[in-house]
Structure formats: C-alpha cells, structure tokens
Number of protein chains: 2
Amino acid sequence: MSQRPTLRDVARQSGVSEISVSRVMRNAPNISIKLRARVEAAARELGYTPNRLAGGLKSQTSGLVAVVVPSMSNNVFPEVVDGIDRILFLSSRRPVLGLTHYDSDREERIIRDLLSWSPSGIILAGLEHSDGSRRMLENANIPVIEIMDIDGTPIDTAIGISQHDAARAMADHLVDRGYRRIGYIGAWGEAPSRSLKRRLSFEERLNERDTPLVARLIAPEASSISVGRAACAQILADSARLDALFFANDDLAVGGLLHCMVSGIEVPGQLALAGFNGIDFIDAMPQQLTTIQTPRGKMGEAAAQALIDRSSHEARQSIVDLGFILRARDTT
Amino acid sequence: MSQRPTLRDVARQSGVSEISVSRVMRNAPNISIKLRARVEAAARELGYTPNRLAGGLKSQTSGLVAVVVPSMSNNVFPEVVDGIDRILFLSSRRPVLGLTHYDSDREERIIRDLLSWSPSGIILAGLEHSDGSRRMLENANIPVIEIMDIDGTPIDTAIGISQHDAARAMADHLVDRGYRRIGYIGAWGEAPSRSLKRRLSFEERLNERDTPLVARLIAPEASSISVGRAACAQILADSARLDALFFANDDLAVGGLLHCMVSGIEVPGQLALAGFNGIDFIDAMPQQLTTIQTPRGKMGEAAAQALIDRSSHEARQSIVDLGFILRARDTT
DNA sequence: TTGAAAGCGCTAACAC
DNA sequence: GTGTTAGCGCTTTCAA
C-alpha cells in the first residue's frame with residue numbers, strides 16, 4: 001500500500017511549485033484558472049488530502065474546536081453539540097470533545113489537554129472555572145466562548161440565557177397563578193452551578209413576593225425521571241400541603257408528574273408542577289408540562305458562529321442573551 | 001503576553017538537550033531519575049505543555065480519535081460517546097466528532113475530513129458505508145472500529161450486538177407469550193440501517209413461527225415519543241385487532257404506551273407493547289416496558305479500548321459480540 | 001543514558 | 001500570478 005500523497009507529490013504531478021498547490025487547496029486568492037484546474041486534476045488523480053497537522057503546525061491554527069461540556073448522558077448537552085457541529089461542518093472545522101462530569105479539576109486537565117492541539121477556539125459550558133483554567137484560557141490567545149449562562153463575567157464571550165431571570169420568571173408565574181406553598185426539587189447535589197444559581201434566584205424572588213419557599217429537596221444522584229419521581233413522593237410525605245413544585249429540570253418534573261398520575265394527585269388542582277429546559281418529550285405526556293424553554297441547539301450554533309467570526313474580527317468581552325420562553329401550560 | 005513555551009525553552013532552562021526533554025515528557029524508557037527531575041521542574045516552572053500538532057506530525061499519530069456517529073439528538077449515541085470518552089481520557093487521547101445525520105455522502109465527507117488530522121484511529125457507527133468511505137478506511141492504516149452492529153463484514157473490528165438475533169429473540173418472545181396479531185412501528189423512514197435490519201429479521205422470524213406480521217407503519221419523521229404516540233394511534237385505527245406491537249426503539253414504544261394510557265387501552269390485556277434499547281427513563285413509567293437492553297456505554301468503552309490495544313498489537317478482522325438482554329416486563 | 005542531525009508536511013514572508 | 005526560502009515544534013534515526 002502506497003504512502004499517503006503529499007503536497008510535493010501533487011506539485012510534481014502537475015509541474016508547479018508546492019506553494020501553488022497549497023494555495024489552490026486553500027482557495028487562496030490570485031490563482032489563475034488554468035493553474036487551479038491543473039492542480040485540482042492532479043490532486044484528484046492522486047487522491048490527495050491535506051495533512052491538517054502540518055498545516056496547523058505552520059499556521060498556528062488547527063481547525064479543531066475544543067468543546068468542553070459536563071456530560072453527554074443528559075438531555076441538554078447533546079443538543080448543544082449538535083448545534084455546534086452543524087455550524088462547524090460548514091467550514092471544515094471539527095469539534096474535539098472533553099467531558100468534565102461536573103468536576104472542575106477534571107475540567108482543568110481537559111482544557112490543558114485540548115489546548116495542546118492548538119485549537120482554533122474553545123467552547124465551554126458555564127462561567128465558573130478554576131483559577132488555573134481561567135489563566136490557561138486567558139493566555140491561550142484564541143476565541144473562548146462560554147455557553148449556557150450569562151450571569152457573570154465572561155473570559156471573552158458568553159452566549160446563553162440568564163439563569164437568574166429565568167428562575168425569577170418562574171417564581172413570578174407561580175405566585176401570579178396564586179400558589180402560596182411552593183417547593184423545589186433538585187438533583188446532582190446541585191453540582192451544576194447553573195441549577196444552584198436558578199434555585200437561589202428562585203428563592204430570592206419568592207421572598208420578594210412574600211411567598212418564601214416551603215420545602216426543598218436536593219437529591220444527591222444524577223438527575224433522571226426516576227429520581228424526580230422518588231423525590232416528589234418524598235417531599236410530599238415530608239412537608240404536607242405543598243401546592244406547587246418547581247423542578248431543576250424537565251426530567252425531574254416528568255418524574256413528579258408520573259408520581260402524581262400514579263398516586264391520583266390531581267395536577268394542577270392539588271399540586272402544580274413546573275420544569276426547566278423544554279426538552280422534546282414532555283410534549284408527549286398526557287399533560288403538557290409548564291416549563292422554561294431554553295434554546296439549546298441555538299446556543300451551540302451561536303457559539304460556533306461567534307467562534308468563527310471572532311477568528312477574523314477582533315471584538316472582545318461580549319455577552320449574547322439568547323432568551324428563554326416561559327411556557328405556561330397544563331400543569332400550573 | 002509571552003509566547004507559549006516550547007521544548008527548546010525547557011531544554012535551555014534545564015540545561016539538557018531537546019530530545020531529552022521530549023523523552024521525559026513522553027515517559028520514554030531509560031531516563032535517569034536526576035534528568036527527569038530536572039526537566040520536570042523546568043517544565044512546571046515554564047508552564048510547558050507539549051504541542052501535539054508538532055508531535056503528531058512527526059510521529060504520524062496525533063492522539064486524536066475520530067468518532068463518526070449519526071446524531072446526538074437521540075438517546076443512544078450520546079451514551080456511546082460518553083463511554084468512548086471515559087476510556088480515551090485515561091490515555092490523553094481525545095475524540096473528534098463527526099455527525100452524519102444518516103447520510104452516507106455526508107459520512108464520506110466527514111471521514112475524509114477527519115482523516116486529514118491523522119487520527120490514531122476511527123470509531124464509526126454501523127457496517128454500511130459508501131465504497132469511497134470503505135476505500136479511505138482500508139487505506140488509512142489505522143485501527144477502524146465499527147460499532148453497534150456485528151451482522152456483516154467489518155473493515156477491521158466490529159463491536160456491538162447482533163441486531164438480527166435481537167429481533168428474532170423479540171419475535172420469539174411475543175409468539176411464545178401467545179400473541180398472534182403482531183404489528184411493527186418504525187420511524188426515520190428506516191434510514192438507520194440497523195432498524196431496517198431488525199425489522200426484516202423480526203418479520204422473518206415471525207414467518208418461521210407461522211405468525212406473519214399483520215401491520216407495519218414506518219413514520220417518515222425522526223423517532224420520538226410524540227411520533228410513537230401518533231403512529232400507535234394510527235396503526236390501531238388502520239388495522240383492527242392487533243394484539244401486540246413491536247417498536248423500533250423505546251422512544252416510539254413509550255409514545256405507544258402513553259397513547260394506550262390516554263385512550264384506555266389495557267396493556268398488555270388488549271395490546272402488548274415492546275421497545276428496543278433499554279433507555280433509562282422507561283423505568284420511570286407507570287408500567288415497565290418490555291424491551292431489549294443494549295450495552296451502549298459498554299460499546300463505547302470497548303471500542304475505545306480496542307482502538308488503543310490495536311495501536312500496539314496487530315490483530316485483524318475481529319468481531320466482538322457484547323450481547324443484549326431481553327427484559328420481559330409489564331407490557332407483554 | 002544522552003545528544004546531534006534531519007526532516008515530518010505544510011504555509012508565511014518575501015521575492016519576482 | 002507564481003516561486004524560493006525558511007521554519008513551525010516536535011520525534012526518529014543514528015551515534016556516542
């Protein structure tokens with residue numbers, strides 16, 4: 001089996017210099033049609049594909065985009081990654097993945113690791129990072145796009161929604177609907193900083209509205225429908241007479257809804273339920289869950305696009321609020 | 001802001017040659033403890049991180065692992081990717097992602113693209129690829145791990161389950177339970193070749209058992225709970241007196257279950273339901289769905305491990321059957 | 001156990 | 001519009 005052909009092979013084959021081949025392959029300007037045709041023919045004939053490692057080494061930018069998110073076994077980040085990929089695909093950039101599992105030491109190690117491939121930019125979830133991580137990102141001299149959350153100071157660009165505003169909107173919604181004995185259910189031990197932020201803003205707003213939170217249950221396990229179902233059963237057993245429950249996400253909330261269905265608790269008559277995220281499958285439930293719709297795919301797309309734009313222009317420190325929608329439906 | 005330090009800087013700082021630093025960084029054998037200590041101190045002081053582009057260019061292997069899957073907005077591939085990442089993390093390899101959206105032209109383009117970064121190996125879903133894709137993979141001279149499906153001829157190594165056996169097992173299960181008027185519901189227009197394979201094997205087995213399929217509905221849209229719910233309603237309206245339904249996946253099946261709950265159809269008394277995959281959230285439903293449990297995380301882990309092992313050893317053409325479990329539960 | 005030389009495949013910078 | 005030169009940062013020989 002022959003070696004993979006190089007620029008040099010194409011140059012020989014087509015009788016031009018290597019740099020000319022390089023220019024054709026990169027669609028550089030000022031190339032005669034004739035030369036382009038000749039080179040392209042030779043490249044096709046040899047089955048040439050550029051070596052991006054070599055190109056990246058020389059040009060200091062690899063076309064790889066580091067993507068650092070907590071996890072894939074979760075309904076939100078896969079959609080974000082889908083969005084990122086959709087945009088990167090258009091410019092032959094590719095995402096390199098790193099999963100932190102909500103562990104900031106691991107995040108730091110992953111960032112260091114990913115930077116060693118000289119990525120053209122990095123997209124990461126959240127605004128909270130270890131000092132070491134921040135330092136690396138600031139010194140990396142590439143676009144740094146922080147996604148999901150915009151309540152804070154981005155290293156470079158933040159794209160997402162205000163978790164703070166979203167939580168307050170839900171608090172207002174529940175109080176406006178007349179609920180007075182409101183509880184909250186979370187999971188993961190609140191490792192995802194965004195869910196913690198949401199709960200605090202939610203409680204804060206409830207206080208402002210003179211309707212303080214009545215009960216709170218943060219499950220230690222990873223968030224899931226089953227966990228939501230069990231947590232809902234438990235919080236109702238512990239603290240009687242709740243009239244509404246806000247869940248850290250839709251998975252938990254669907255669990256709550258199932259608990260109510262099975263236990264004959266009337267929703268929202270006896271108990272109102274609200275989730276967060278607006279994942280697809282809640283639409284299929286017998287009752288339409290009230291939730292906050294977040295633009296996950298769009299966050300990915302916008303992040304990738306910002307990264308690409310940033311590579312040429314030179315803006316800094318921008319914050320892009322993609323907004324959320326409170327979908328008030330059957331369960332409140 | 002200073003430039004990123006290079007091997008040369010570390011070499012100067014510690015008063016040794018570049019190659020010695022290189023050896024220390026890579027944990028090469030035959031390094032004196034003293035030299036190692038000196039180099040490591042200098043590297044730490046300078047905040048040195050290797051440039052993997054340069055290393056990869058020279059050594060012809062980048063430490064990147066190409067991962068080519070259909071989609072992330074789906075319950076199965078994110079778990080596979082999670083598994084891959086878990087293993088790759090241990091050896092500082094990183095996955096570079098490409099999403100095909102079940103389009104083999106796009107897959108070919110993505111494979112070409114990813115190969116241009118000289119990945120250390122490639123993991124891709126399924127055994128069906130375009131001729132161009134196969135040729136590239138055969139010539140790439142790196143480990144090629146095909147996952148999910150093992151019914152066919154792998155390019156190099158296949159790791160997954162027999163879709164054929166799984167479908168037959170479900171057919172047997174339904175017939176053994178006494179169901180005689182069995183229907184099938186799919187989605188995506190059966191673009192995922194695996195679901196097509198499953199249906200064919202399912203029908204084949206039903207014929208062998210003298211219980212041919214009574215009705216079949218393949219929705220054109222992407223698979224989801226809502227689609228399953230609608231499809232279930234429709235197939236029951238079209239073809240009266242079905243007593244069991246096998247769905248291409250759990251999402252669809254849960255949709256079916258919801259339809260039955262809402263329409264007052266007794267499960268499994270009036271209609272039995274079975275899914276495929278064994279995704280987490282079916283455990284939270286009021287009735288436990290009968291399904292085929294597939295080892296998705298394990299497939300990812302095994303694929304990554306095989307890729308790493310293959311990089312040193314030299315086996316070829318192996319097939320690893322990870323097996324499935326038929327979980328017969330409440331709905332059949 | 002350590003080092004010197006050469007070069008992986010490409011592109012930036014500068015000619016012409 | 002095209003070519004020459006140099007070198008990105010590392011690792012693979014090969015030698016000591």
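Lettering follows sequence order; numbering is per chain, from 1.
For M25(B) and dT12(D), the CE to P distance is 15 Å, given to the nearest whole Å. Rounding to whole angstrom units, CG of residue N27(B) and C1' of dT11(D) are separated by 15 Å. Regarding I19(A), its CD1 atom lies at a distance of 15 Å from the P atom of dA6(D), rounded to whole Å. Atom pair L57(A):CG and dG9(D):C1' shows a separation of 6 Å (rounding to whole Å applied). Atom pair D9(A):CG and dC8(C):P shows a separation of 11 Å (rounding to whole Å applied). Between R38(B) atom CZ and dT1(C) atom C1' the separation is 13 Å, expressed in whole Å. Separating the NZ atom of K58(B) from the P atom of dT11(D) is a distance of 10 Å, rounded to the nearest angstrom. In this structure, Q60(B) places its CD atom 19 Å from P of dG9(D), rounding to the nearest Å.
Using a 4.0 Å cut-off, no side-chain N or O of S22(B) falls inside it from OP1 or OP2 of dG9(D). Within the structure, a side-chain polar atom (N or O) of S20(A) is placed less than 4.0 Å from OP1 or OP2 of dG3(D). Residue R36(A) places no side-chain N or O under 4.0 Å from the OP1 or OP2 atom of dT2(D). Taking only side-chain nitrogens and oxygens, R8(B) never comes nearer than 4.0 Å to OP1 or OP2 of dC10(D). An OP1 or OP2 oxygen of dC10(D) is reached within less than 4.0 angstrom by no side-chain nitrogen or oxygen of R4(B). Between dC10(D) and S59(B), no contact under 4.0 Å exists linking OP1 or OP2 to a side-chain N or O. For the pair T6(B) and dG9(D), the criterion of a side-chain N or O lying under 4.0 Å from OP1 or OP2 is not met.
Checking each of E108(A), E107(A), R135(A) against S130(A) for a side chain to side chain donor-acceptor pair (under 3.5 Å) leaves exactly one that passes, namely E108(A).
Between the side chain of S22(B) and the main chain of E18(B), no donor-acceptor pair closer than 3.5 Å is present.
Donor-acceptor pairing under 3.5 Å, judged by distance alone, is present between the side chain of R23(A) and the base of dG3(D).
One side chain, R310(A) or T157(A), offers a donor N or O that lies under 3.5 Å from an acceptor on the other.
Here L53(A) lies out of heavy-atom contact (under 4.0 Å) with every strand. Using a 4.0 Å heavy-atom criterion, one finds that N30(B) contacts the bases of the nucleic acid, with or without backbone contacts as well.
Atom-to-atom distance recorded for L53(B):CG and S62(A):OG is 5.5 Å, nearest 0.5 angstrom.
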Next on the checklist: Apply side-chain hydrogen bond (donor to acceptor under 3.5 Å, both in side chains) to residues S91(A) and R93(A) and explain how you reach the verdict.
Outcome noted: CA-CA 5 Å; S91(A) 60; R93(A) 280 168 241 245; 2.9 Å; yes
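In this structure, I31(A) and N51(B) both approach DNA chain D, and ranking their closest nucleotides by distance from the 5' end singles out I31(A).
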